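Encoded as C-alpha cells, the structure appears first; notes follow it.
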Amino acid sequence: MNNSEIAKVFQDIADLLELKGESVFKIRAYQKAVRSIEHLPVELAQLRAEGRLREVPGIGEAIEKKIAELLDTGRLKYYEELRAEFPEGIISLLQVPGVGPKTAMRLSTELGVNSIEELEKAILDGRVASLFRMGDKTAENILRGLQSMRTKEQRIPIGTALPLAEGIMASLQERTAVRNLTPAGSLRRFRETIGDIDLMGTADDAEAVIRAFTELPQVREVLAKGGTKASIVTKDNLQVDFRVVPHDAFGSLLQYFTGSKQHNINLRERAIRQGLSLSEYGITVTRTGQLEKFATEEAFYGRLGLQYIPPEFREGTNEIELAEAKQVPEPIDRRDVKGDLHVHSNWSDGRDSIEDMALAARALGYRYIAITDHSKGLGIAHGLNEARIREQRAEIRTLNESLKDFRILTGIEVDIRADGSLDLPDEVLAEMDVVVAAVHSAMGQEQEKMTRRIVKAMENPHVDIIAHPTGRLLGVREAVAIDMEAIFRAAARTGTVLEINAMPDRLDLRDIHIFRARELGVKLCLGTDAHATEHLPFMRFGVGIARRGWAEAGHVLNTLPAEGVLAALKH
DNA sequence: GCCGTTTTCGGCCCGACTGTTTTCAGTCG
C-alpha cells in the first residue's frame, strides 16, 4: 500500500471514532498522523524497512503497528471491526458542509439516512427539520451545503486561483484605501490546489473596505458581510473570504490565517509550554492576561523565539524545530532564476518564433533560454528531424550574434520511446547545448517497465534533463506508475537533472518529490515548457512549488549563469 | 493515541458563528 492509501484508512478511522464519540484527543492523534503521512516525501514501506517509522511526527507505538499490518497484509483488523459497527456509507455524510459527527450519527440512527441521496430526500420531505433540536434553518443550511458540494468547483489549481485572487486584489486597491492586502491560507502557502481564496488586509475604515469588496464587479453572491469580514462567491464560482484588521494587529492575523492548521496547532502547543496563548489577535501572556499585538509575522515569530518561517514551509512537519535552532533554509526566489531551460518555438508546436521567445525572456530579466523543441517522434507536435535541427541551429547562431547580454542555448526535448531508447541518434544529441528527454507516449506501462524505461534514458550520457518526470496533468491525468525513489537514485547516480515543470497544470515534480530528490542529492532545474511568450511568466508557479519542496537557489541549476549551467550538465 | 528542556502520566489550540436555546452544543476554519 502506498502512503495515500494508508492515510485514507487512518482518515476513515478518525471519522468513525468521531461518530462513535471517542476521545477527541484520540481522534486528533489519528488526524495528525493522516496529515503527517500525506506530507511525507518517502514511502512508509521504505521508512519501515529502515526502522524509522517512529521518527514521523504523530506516529507512535499503536499507529506504527497498524501501518505494519497494512503493509504486510493490505488489511487492518481494527479498521474492519470499527467499520462493521456502522452502516455502510455513513462516513459520506461527513463530507456535507454543516454535517458533523453528531448530526451524521443522528441522521443514521433516527432516520436511517446513510447516503447523500437519502439525506437530500429526508431534508426535502421535512424529516430532518422534525428532529429534536433541529429546525427548518438547520435543514436548509445542510441542503445548501449539499448543493454547494455539487455545484462549487472542488479544489482548483493554483494556476487558476492565483490570477483570480490578483484580479480581485487589483480591483480592491483601485477602489479603496486598503493596505497590506495579501492572500493567506493555502494560496499563500502555495499548495498546488486551492479550496477557497483567503485575502487579508488592514484599513483605518474597515467597514468601507468590506463594503467595496462585496460590491466588486467580480462578485456574484455575497454569502456573509460584517464589520471586519465578508465572504463572496465570484462569477467563476469561487469563494473568497476577506478579513480586515487594524494595522498594528496584521502580523498575528496573517500568521493565523495562513495556517496550515497543523502548523498553528504545533505552534500553540509549544506556546503553552512557554506560558503564552496565541490567537489571531496576538499573543497573550497567560500569567498576566496581557495581550501583545504584532504588525508583522517576523515580530510574531520573533516573540516566540523563532526564526521567520516562509509560508510554504508551514505544513506542520519539523519547521518549528528548525526555526528554534535558527536553521530554516532560505528558499529559492523568482529573482534567483537566471534563465528558462524548457522553451518551445514555432519550429515545433510552439506559437512564437525563437526570436520572440528570446526577447520576451530577456524582458523578464533572464540571461538565457534553452530552445527545446520536440523531436521527430512526436509527429503531432511537428517534431524536428536531423535536417531541421541543423537549420534551427543556424538560425540560433545568427540570433545569438545580434542579441546583447543574452544567449539562446540550442536544445531538444527528445522523446523517450516505450523501450527507453531515444528518438534521435547520439551524434545529433551530442551537438546540443542541452538535451531534455521526456515520456509522451505509452504512458500506461506498468510501474517496473516505466521505471526501467526512464532509468535507461537517464543512463544515456547525452541526456541532461528529464522533463515533467511523472507526466501528471492536474485534474486530467494521474502520474504514470513509477518508482520515484528508484528514479531519484538513478538521477543522482548518473548526474541527470530532474525538471520542475512550471506549467500550472503540470507542476511536476511536485512538492514532496522535490523534497526527497534534494535529500538524495539530485540536481534540479526549472522549466516552463512555454509554447508562447505569455507562458514564460509561469516560472513563478515552478518557483512556488520548489519552495514547498524546501529548495534553495543552490539546488536549482538555472540559478547559475549560462556557462555555469553548461559546465554542470553531464554531457 | 501521542508525547516530554516542567511530565513515562496527564496533559492535549483558539475563536467565531449559528441555531435552538434559556446556558450551550455543534460545526467550521
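Quick note on labels: first sequence line is chain A, next is B, and so on, each numbered from 1. Since this is a predicted model, take the numbers as computed values, not measurements.
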> Who passes side-chain contact (heavy atoms from CB on, under 4.5 Å) against Glu117(A), sequence neighbours left out?
Replying inline: Ser115(A)
>> Listing request: all ring pair (Phe, Tyr, Trp, His ring centres under 6.0 Å) pairs with a residue in residues 162-200 of chain A, at least two apart in sequence or in separate chains.
In response: none
>> According to salt bridge (Lys or Arg N to Asp or Glu O under 4.0 Å), who are the partners of Glu55(A), at least two apart in sequence or on a separate chain?
In response: Arg52(A)
> Roughly how many Å is it from CZ in Arg54(A) to P in dC2(B), rounded to a whole number?
Replying inline: 7 Å
> Between dA16(B) and dG11(B), how far is it from one P atom to the other, in whole Å?
Replying inline: 26 Å
>> Looking only at the side chains, is there a donor atom on one of Gln218(A) and Ser171(A) sitting less than 3.5 Å from an acceptor on the other?
In response: yes
>> Quick check with a 6.0 Å cut-off and a 45 degree axis cone: is Arg303(A) positioned over the face of Phe300(A)'s six-membered ring?
In response: no
> Given the C1' atoms of dT8(B) and dC3(B), what is the spacing between them in whole Å?
Replying inline: 9 Å
>> Can you check the distance between dC12(B) and dT6(B), where both ends of the measurement are the P atom (answer in whole Å)?
In response: 16 Å
> To the nearest angstrom, how far is Ile320(A) atom CD1 from dG4(B) atom P?
Replying inline: 13 Å
>> So Lys66(A), base contact, sugar-phosphate only, or nothing? Heavy-atom distance under 4.0 Å.
In response: sugar-phosphate
> ring pair (Phe, Tyr, Trp, His ring centres under 6.0 Å): which pairs involve residues 51-86 of chain A, sequence neighbours left out?
Replying inline: none
> NZ of Lys32(A) versus C1' of dG11(B): gap in Å, rounded?
Replying inline: 14 Å
>> Just the rounded figure in Å: distance from P of dC12(B) to CG of Asn264(A).
In response: 18 Å
> Which residues satisfy the ring pair (Phe, Tyr, Trp, His ring centres under 6.0 Å) test with His513(A), sequence neighbours excluded?
Replying inline: none
>> Under a 3.5 Å threshold, yes or no: a donor from one side chain and an acceptor from the other, between Asp511(A) and His39(A)?
In response: no
> Under 4.0 angstrom, heavy atoms only, what part of the nucleic acid is Leu267(A) near: base, sugar-phosphate, or nothing?
Replying inline: nothing
> Going 5' to 3' along nucleotides 19-29 of chain B, which nucleotides have protein heavy atoms under 4.0 Å from the base (write B), which only from the sugar-phosphate (write S), and which from neither (write -)?
Replying inline: SSS----SSSB
>> Pairing check on dT8(B): which nucleotide meets the Watson-Crick or G-U wobble criteria with it, both distances under 3.5 Å?
In response: none
> Mind checking the C1' distance from dG1(B) to dT5(B)? Whole angstroms is fine.
Replying inline: 24 Å
> Of the residues in residues 285-309 of chain A, which ones touch DNA chain B at a heavy-atom distance under 4.0 Å?
Replying inline: none
>> I need the CD1-C1' distance between Ile27(A) and dC2(B), as an integer number of Å.
In response: 14 Å
> Do Gln46(A) and Glu485(A) have a side chain donor and acceptor closer than 3.5 Å?
Replying inline: yes
> Roughly, in whole Å, what's the span from NZ in Lys26(A) to P in dC2(B)?
Replying inline: 10 Å
>> What is the separation between atom CG on Leu278(A) and atom P on dG15(B), rounded to the nearest whole Å?
In response: 10 Å
> Which pairs with one or both residues in residues 275-289 of chain A pass side-chain hydrogen bond (donor to acceptor under 3.5 Å, both in side chains), sequence neighbours excluded?
Replying inline: Arg243(A)-Tyr281(A)
>> The criterion is ring pair (Phe, Tyr, Trp, His ring centres under 6.0 Å); which residues satisfy it with Phe313(A), sequence neighbours excluded?
In response: Trp550(A)
> Taking the P atom of each, how far is dC28(B) from dT23(B), in whole Å?
Replying inline: 25 Å
>> Taking only the P atom of each, what is the distance from dT21(B) to dG15(B) in whole angstrom?
In response: 28 Å
Give me the distances for all protein-to-nucleotides 6-10 of chain B N/O pairs that come in under 3.5 Å?
none

>> Filter on ring pair (Phe, Tyr, Trp, His ring centres under 6.0 Å), then keep only pairs touching residues 219-242 of chain A, sequence neighbours left out; what's left?
In response: Phe213(A)-Phe242(A)
>> Tell me the interatomic distance from Gln262(A), atom CD, to dC2(B), atom P, rounded to whole angstroms.
In response: 14 Å
> When rounded to the nearest Å, what value does the distance between C1' atoms of dT20(B) and dA25(B) take?
Replying inline: 10 Å
Expected list for residues 92-104 of chain A: side-chain donor-acceptor pairs under 3.5 angstrom, two or more places apart:
| unit_1 | atom_1 | unit_2 | atom_2 | d |
| --- | --- | --- | --- | --- |
| Ser92(A) | OG | Gly89(A) | O | 2.5 |

